Undergrad: 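The structure is given below, and queries will be raised subsequently.
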Amino acid sequence: LFVTSGNASGRVASGRTPVDRRRWTFVALVRDGNRVRVHLDGAADPEIDADLPLDPGTAGAPLFLGGRSD
């Protein structure tokens, strides 16, 4: 599991827990300013907790879940 906020910065925040393919996983992503938290399967502690500012020009850009656009 990873989160990126655009390709310009090259910054990626990665999780610790493997996410199985072809298995339902509840993912909650919370953005508060530059802070991004990702929770898996209702866990109180975030899987990812990172400072990940948005790249310029990403406002209104598509959001991809489960894969990348490339």
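The chain is numbered in sequence order, starting from 1. Values below: all heavy atoms of this structure, side chains included; hydrogens, waters and symmetry mates excluded. Source: prediction; values computed, not measured.
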Undergrad: Could you check if a side-chain atom of Leu1 sits within less than 4.5 angstrom of a side-chain atom of Ile48, using non-hydrogen atoms only?
TA: yes
Undergrad: I want to check something: taking the side chain as every heavy atom from C-beta on, are Thr25 and Asp20 in contact at a cut-off of under 4.5 Å?
TA: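 Side chain of Thr25 against side chain of Asp20, heavy atoms only: no contact under 4.5 Å found.
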Undergrad: Please check if the side chain of Arg37 supplies one atom and the backbone of His39 the other of a donor-acceptor pair under 3.5 Å.
TA: no
Undergrad: Hey, does the side chain of Thr4 reach the backbone of Arg11 with a donor-acceptor pair shorter than 3.5 angstrom?
TA: yes
Undergrad: Do the side chains of Val3 and Val19 join up, straight or via other hydrophobic residues, at under 4.5 Å, putting them in one cluster?
TA: yes
Undergrad: So, do Thr17 and Leu40 sit near enough that their side-chain heavy atoms are less than 4.5 Å apart?
TA: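 Heavy-atom side-chain distance check passes, below 4.5 Å.
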Undergrad: Quick check: does any side chain N or O of Arg35 sit under 3.5 Å from a backbone N or O of Ala50, one acting as donor and the other as acceptor?
TA: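 Yes.
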Undergrad: Verify the neighbour count for atom CZ of Arg23: are there more than 12 heavy atoms of other residues, nucleotides or ligands below 6.0 Å?
TA: yes
Undergrad: Not counting sequence neighbours, which residues clear salt bridge (Lys or Arg N to Asp or Glu O under 4.0 Å) with Arg16? List them please.
TA: Glu47
Undergrad: What is the minimum heavy-atom distance between Ser14 and Phe2, and which atoms define it?
TA: OG-CB, 4.1 Å
Undergrad: Within a reach of under 6.0 Å around CG of Asp51, are more than 12 heavy atoms found that belong to other residues, nucleotides or ligands?
TA: yes
